[in-house]
Amino acid sequence: MSAAPRYDLVVIGGGINGAGIARDAAGRGLSTLLCEQADLGSATSSASSKLVHGGLRYLEYYEFRLVAEALAERETLLAIAPHVVWPLEFVLPHERHLRPAWMIRLGLFLYDNLAWRPFAHGHRSTLPKSRSVRLTPKCYGAGLKPGFERGFAYFDAWVDDARLVVLNARAAADKGATVLPRMRCSGALRSGGHWRVTLRDTRSGRERIVEARALVNAAGPWVKSVLDREIAMPAPYGVRLVRGSHIVVPRMYAGDHAYILQNPDRRVVFLLPFERDFTAIGTTEVPMDDPEEGATCTRAETEYLCAAVNRYAVRPVAPGDVVATWSGVRPLFDDGRGNVSSVTRDYVLHVDAAGAPLVSVFGGKITTYRKLAEAVLDRLAPALGERPSWTANEPLPGGDFDGASFEELTAAYQTRYPRLQPTWLEGLLRRHGTIGAAILGDARTEADLGRHFGGGLYEREVRHLVDREWAVAAEDVLWRRTKFGLRTSAAGQAALADFMGMQA
């Protein structure tokens, strides 16, 4: 019998935290394996509000350290992933009976000052400071009812969350990591100073054994169940599972800004520009008991979000206007607070070093995934060796713009490929950055891009997603690697599914 392959580190969970940890570990020279029971980023990490932000509302709960760290990470991600992370201006219409103006001004003052602190890694704030604005119909009040006249504007950032996961996994693989989507950890036990981990292919059912010097449980909503069932170890902390749902409707207003709307229940709802022609609305906060329940936007959540928007929008939205939804289960560290909105979005790492070390990740948010990964590797240093951190200054795949802005990159590609439709080319660069050149190759016209599945999805990009980004099913392509599911007809989606079946 041949010996089981041995790694320095096995990471369970292919969401943003697991992918970020694998990238960091591989770049430190550690032999790393990342396993994920489904597609990369197919659960919480592709169903966020798609924001890289400090969390303005967290200031109300005195989460100053979390907000400061998140704002620092906002700048880092803008620098290393400029194709999938970009600035987004938010407008907050003012309602005196919900929050007085002085409270909002104070919160934004703190937010600005936390953002403009000198950060590590040389990334200082690049975004404008907040300010008061007039809500005029042709500008910051576009789409709002006439009664809203005054507001506040500030900047955070948008992120294509699913692509951020895949790019981290791609970076890990480029540095030598083994990345195994659709490979479930079905058991792990300590044996002779290392971990013996059983992996089961979720499609074929075949199992394999690998060994590791250390193990990381970054299973997100499943972190506790992995400890209970696969590792047979009592979970040291609880997890609050909260479903957050979003709805997508045809574009509601002109302008590239987002709205942050205050509700009478003191929650906020975002209106977000989405894929050029749409507006995304979210999010809800619904407690859940079991991640296996799945995450689906309910009729009640849709009605809640429509009602929240209709307090502000000049043209009301109804459930019948919804063209798509997404829902994710956020695994919040259970800090004992009763109100779900007040539960911390910070992360907690638990280290069990009784033999081969195990690090379990509780909580966290997409904005701080890179710092979380650094913290995990620092905790493992006594067992795996001290190795310098590096992820803050090396671009993610496709993010090597060499000092150019995204607009300058787009202009250069439009000059290089003048016969390709400019908005399509811009979308390709938003997904892939400088890797777009490898996808386009010698293509000069749309006919050179291969089969067209509709909505702007061409065979050349699909082949890249299969060959380089672990895409297996049509859903992987249509809703995670891209958002062409919004524009591709049922016939086109069926044709893509057939094509993907032939690639398997």
Indicate yes or no: at least one non-hydrogen side-chain atom of [X] is less than 4.5 angstrom from one of [Y].
X: R487; Y: R276; value: yes
X: F362; Y: L332; value: no
X: D39; Y: R480; value: yes

Under the salt bridge (charged side-chain N to carboxylate O under 4.0 Å, His left out) test against R266, which residue among E95, E285, E60 passes?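 Among E95, E285, E60, the one that satisfies the salt bridge (charged side-chain N to carboxylate O under 4.0 Å, His left out) with R266 is E60.
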Just to verify, which of R170, R431, R463, R163 counts as forming a salt bridge (charged side-chain N to carboxylate O under 4.0 Å, His left out) with E469?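 Of all the options given, the one that passes is R163.
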Within the supplied structure, the quantity of interest is the number of heavy atoms (other residues, nucleotides, ligands) at a distance under 6.0 Å from D498 CG; does it exceed 12?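 Above 12, so yes.
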A quick test of your reading: do over 12 heavy atoms of other residues, nucleotides or ligands sit less than 6.0 Å from CZ of R444?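 Yes, the 6.0 Å shell around CZ holds more than 12 heavy atoms from other groups.
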Looking at every heavy atom in both F148 and H94, which two are closest together, and how far apart are they?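 So the two residues come closest at CD2-O, 4.5 Å.
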Between [X] and [Y], do the side chains contain an N or O donor and an N or O acceptor separated by less than 3.5 Å?
X: Y312; Y: Q262; value: no
X: T391; Y: R370; value: yes
X: T298; Y: E301; value: yes
X: R267; Y: Y304; value: yes
X: Y111; Y: D156; value: yes

Side chain R243, main chain A295, donor-acceptor under 3.5 Å: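 No: the side chain of R243 does not pair with the backbone of A295.
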Is a donor on one side and an acceptor on the other found under 3.5 Å between the side chain of D321 and the backbone of V249?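 Checking the backbone N and O of V249 against the side chain of D321, no donor-acceptor pair under 3.5 Å is found.
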Ring-plane angle category for [X] and [Y], please: parallel below 30°, perpendicular beyond 60°, tilted otherwise.
X: Y140; Y: H257; value: perpendicular
X: H452; Y: Y458; value: parallel
X: H246; Y: W326; value: parallel

Kindly indicate whether a cation-pi arrangement holds for R182 with W470, taking the cut-offs as under 6.0 Å to the six-membered ring centre and within 45° of the axis.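 No, R182 and W470 do not form such a contact.
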Geometric cation-pi criterion, R240 with F333: 6.0 Å, 45°: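 Here R240 fails the 6.0 Å and 45° test against F333.
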